[in-house]
Amino acid sequence: MFISTIVFSACNITHEAVLGDAIRFSDDAVTSYTHKDGVFKNLYDQSDPYMLCVGAKKNQDDIQKMKNFLRRNDSGKATAGYYALDLGIDRVRYVRKHYFKHDHNTKYYIIYMTDGLDNTSVQVARNHQQLLFTTQEKAYAKHIQRKAKRAMGVFKMRQNVFKIFPMMFIGDDMKENMKKRGLTSIEDIKKAAADDMQYYRGASKSTSAPEVLLGTNFKEIAKDFKEMIASSGFEFYVPVGYRGQQVRMNLVNEEGEEIQIEGKLKKNWFMWRLTDITYPSNVEIPDQRVLHRGKPLKKLYASNRHDHKATSAIFRMDDIKLNGKNYKVKSASQEHGKYYETNSEYEALKRENSDAYVLLIMDVSGSLGDQKKNEQDAMVDILDIVIKTAAN
């Protein structure tokens, strides 16, 4: 069973809006994002997402419709995992093209939860003409990986955030499958499951792919997801008039712990970048583009580099950790120049891109058994978490 959620900034539709869709599927029960009639349609049909909230006001009617859809009782048999992700990536590309084509600050997150590994995707995809030439599961998995990497376009200059958060519920079905492989302890099962789920991970070129979330309790999985998505990104703004000067970001989390990141602002042709970025040894910033964890960043590229009229370059860092723990940025002050005068633009602009799109994909194969309601409750909780995170 799995869930996929995609979040992104919808600046071209309406200011500070969160839109959404939902999919439930298995090998023989497919329902698409065209929720109006509950029948699967071609991904390129014109179907509008739900309007989940505008600004601080939630659209409770559409939110409730989406939750009711997630709690439906129909189910299928086998788990078509790669097929679901294949369709989900197509939907992301469709929405980006038709709704957010010119928004380079759009954020897309896919949250994918399963209680078992793929066992029918190749056949289902071929039956639906989604996959024409591949006949083996591993080849399909590699195809999905390539597709995820290209979801935001083939050029590295595009800075949209796109992430896939793979999550697995370790239930009776998974334990039984692992037992056949000689694995009985929960630690060994989780390690093997995480290895098996690597093909489900993905991210755009400017961000790092999240690690697999595993758990034996749906509430714990939802809690872990809340922690992960809360610390999954941080944006800061550097006035372009300070080209050639050193930039310093002072960050503080909710516990009052502070970290400092420094770099020099440069412009290379039409691209703004921070170069020679450094940070403390107890801070971890996963690969943003070319670097390995634990080493100083060399370069970070601005997400609005195409906008020649912009007064600030927007930079993004993902998954910042302090002493091995996720770092939730509560506030930040950016300083620059010889005397590191405080720049007030951060507070004024940091909430500018709070629009989002949410896509929930829910596998309804029968292996969950009596855990179905727990999975549905987790889906509803995750929807609320994503709406709150995207709106703020």
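- Looking at heavy atoms from C-beta onward, Met174 lies in side-chain contact with Leu117 at the 4.5 angstrom threshold.
- A donor and an acceptor atom, one from each side chain of Gln130 and Asp90, are located under 3.5 Å apart.
- Contact check for Asp86 versus Tyr140: side-chain heavy atoms found under the 4.5 Å cut-off.
- Put simply, OG1 on Thr216 and CE on Met168 are 13.0 Å apart, with the number rounded to the nearest 0.5 Å.
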Stepwise side chain to side chain donor-acceptor pair (under 3.5 Å) check, Asp363 with Ser26: CA-CA 5 Å; Asp363 180 6; Ser26 68; 5.2 Å; no

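- Contact annotation: the side chain of Glu262 approaches that of Gln246 to within less than 4.5 Å [non-hydrogen atoms, C-beta and beyond].
- Counting heavy atoms from C-beta outward, Ile170 and Ile186 have side chains that approach closer than 4.5 Å.
- A 4.5 Å side-chain heavy-atom check between Arg248 and Ile261 finds every atom pair outside the cut-off.
- Tyr112 pairs with exactly one of Phe225, Tyr199, Tyr82, Tyr200 by the ring-ring contact (aromatic ring centres under 6.0 Å, His included) rule, that one being Tyr200.
- Gln376 places a side-chain N or O within donor-acceptor distance of the main-chain N or O of Arg72, the cut-off being under 3.5 Å.
- In this structure a side-chain-to-backbone donor-acceptor pair under 3.5 Å is present from Lys372 to Asn73.
- Nearest heavy atom pair, residue Ala192 against residue Leu183, reads CB-CD1, 3.5 Å.
- Inspection of the Asn119 and Thr79 side chains reveals no N or O donor paired with an N or O acceptor under 3.5 Å.
- Under the 3.5 Å distance criterion, the side-chain polar atoms of Asp62 are left unmatched by any main-chain donor or acceptor of Leu52.
- Within the structure, the salt bridge (charged side-chain N to carboxylate O under 4.0 Å, His left out) test picks out no pair touching residues 124-144 (sequence neighbours left out).
- Note on residues 180-202: pairs passing salt bridge (charged side-chain N to carboxylate O under 4.0 Å, His left out), not counting sequence neighbours, are Arg181-Asp196, Lys191-Asp195, Arg201-Glu211.
- A donor and an acceptor atom, one from each side chain of Asp118 and Tyr83, are nowhere located under 3.5 Å apart.
- Distance alone, capped at 3.5 Å, is enough to place a donor-acceptor pair between the Asp27 side chain and the Ala78 backbone.
- Residues Arg93 and Lys147 meet the side-chain proximity criterion, which asks for heavy atoms closer than 4.5 Å.
- Put simply, the side chain of Met362 reaches to within 4.5 Å of the side chain of Leu70, judged on heavy atoms.
- Under the side chain to side chain donor-acceptor pair (under 3.5 Å) criterion, Gln64 pairs with Asn68, sequence neighbours left out.
- For Asp381 and Lys223, the salt-bridge test fails: no basic side-chain N is under 4.0 Å from an acidic carboxylate O.
- A salt bridge between Asp384 and Lys67 is present, with a side-chain N of the basic residue lying under 4.0 Å from a carboxylate O of the acidic one.
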